[in-house]
Amino acid sequence: MKLANKKFMIIGAHSSIIILWASAFPGIRAGLESYSPEHLALFRLLIGSAALGVLALVTKMRLPDIRDLPAIFMLGFLGFSVYHTALNMGEKTVSAGPASLIVSMTPIFSAALAALFLRERFGRVRWTGSAVSFAGAALISLGTGGGFEIQTGILFVLLASISESIYFVFQTKYFNKYGFLSFTSYTVWAGTAFMLVYLPGLGNEIFHASAESTLSVLYLGIFPTVIPYIALAFLASIGGASEAVSSLYLTPVMAFVIAWVWLGEVPAMLSIVGGMIALAGVVIIHRKDSSKKVTEIYENGSSENI
């Protein structure tokens with residue numbers, strides 16, 4: 001595959017992650033109007049698992065080796081069961097600003113874990129860009145008037161961010177063996193299996209839920225659950241975990257734009273300024289020298305799973 005096509009795929013992957021994942025914030029809030037956090041997470045993962053099941057049949061996806069099942073179930077538990085349940089529970093009491101700010105810390109957690117366990121180099125430039133983007137995300141949060149008071153909901157969102165970071169970092173070692181699409185599917189199914197403990201009562205909630213809430217969950221299951229995870233796994237398979245999650249700082253920016261259109265929430269001027277600063281941080285992270293390093297990775301043949 002030509003380098004130009006690879007770069008186009010990379011841009012598309014980052015864009016889908018930012019837009020679709022950001023749309024999950026208003027989607028979750030809409031779903032929580034009729035569903036409990038646990039049932040919302042289960043319903044969303046069941047839909048995502050079904051979609052990946054169809055894809056697995058079409059692509060004739062191989063089964064994982066038995067010896068890898070413990071790792072698959074552990075990563076599925078952290079990346080899907082814990083993340084989605086904790087985020088839903090957090091968003092019961094935490095407004096979109098603080099929630100998106102905490103989740104946007106995932107790249108920082110991922111970079112630290114990747115440097116510690118996988119010896120990935122994030123570099124001074126990227127750490128600087130991360131600090132700038134985090135400052136922008138903080139301004140976005142302050143612009144909502146939500147503040148940063150410590151509460152149980154915030155701790156749940158923080159747990160979601162940490163568990164997701166662990167998932168992003170430690171999934172990369174399995175990409176050469178299975179490919180990013182197959183391994184992402186395995187972990188989604190594993191995470192869904194853990195959530196089946198909440199199956200009792202789900203049918204009753206679906207029956208009594210509003211059409212808007214159910215449509216929101218269907219959207220969450222098909223789009224923010226499946227596509228961004230595959231895109232992240234694709235990026236991690238060719239550029240490492242820290243590179244893959246570097247654009248997540250733009251999630252709060254896009255989340256406020258989507259909430260503005262979807263829910264009619266008009267962002268404050270401070271949030272708009274924060275969004276511009278977060279965007280500047282991402283530009284710093286992806287400055288020419290960083291792009292050159294990634295290009296070298298592609299040219300050296302590390303993209304065999306594309």
Original post:
Who passes side chain to side chain donor-acceptor pair (under 3.5 Å) against S15, sequence neighbours left out?
Top reply: none
What side-chain donor-acceptor pairs closer than 3.5 Å can you find for residues 71-81, not counting sequence neighbours?
from	atom 1	to	atom 2	distance (Å)
S81	OG	G191	O	2.7

Subject >> Verify same cluster id: L63, M61 (apolar side-chain graph, 4.5 Å) >> reply: no
Original post:
Listed by chain and number, what are the side chain to side chain contact (heavy atoms under 4.5 Å, CB included) partners of T192, not counting sequence neighbours?
Top reply: L45, L46, S49, V188
Original post:
Should the ring pair Y229 and F168 be called parallel, tilted or perpendicular, given that the plane angle runs from 0 to 90° and is split at 30 and 60?
Top reply: tilted
Original post:
With I222, which residues qualify under side chain to side chain contact (heavy atoms under 4.5 Å, CB included), at least two apart?
Top reply: I47
**OP:** Name all residues meeting the side chain to side chain donor-acceptor pair (under 3.5 Å) criterion together with S163; count only those two or more places apart in sequence or in a different chain, and write none if there are none.
**Re:** none
**OP:** List for me each residue that meets side chain to side chain donor-acceptor pair (under 3.5 Å) alongside T214, sequence neighbours excluded, and say none if there are none.
**Re:** Y35
Original post:
Of all residues at least two apart in sequence or in a different chain, which pass the side chain to side chain contact (heavy atoms under 4.5 Å, CB included) check with P37?
Top reply: L32, N88, M89, K92
Subject >> Pairs involving residues 30-53, ordered by first then second residue, that meet salt bridge (Lys or Arg N to Asp or Glu O under 4.0 Å) (sequence neighbours left out) >> reply: none
Original post:
Residues two or more places apart in sequence or in another chain: which of them pass side chain to side chain contact (heavy atoms under 4.5 Å, CB included) with Y219?
Top reply: L20, S23, F223, P224
Original post:
How would you list, by chain and number, every residue that makes a side chain to side chain donor-acceptor pair (under 3.5 Å) with R67, sequence neighbours excluded?
Top reply: none
Original post:
Strictly under 6.0 Å, is that where the ring centroids of Y167 and Y83 end up?
Top reply: no
**OP:** Please find out if less than 6.0 Å separates the ring center of F180 from that of F175.
**Re:** no
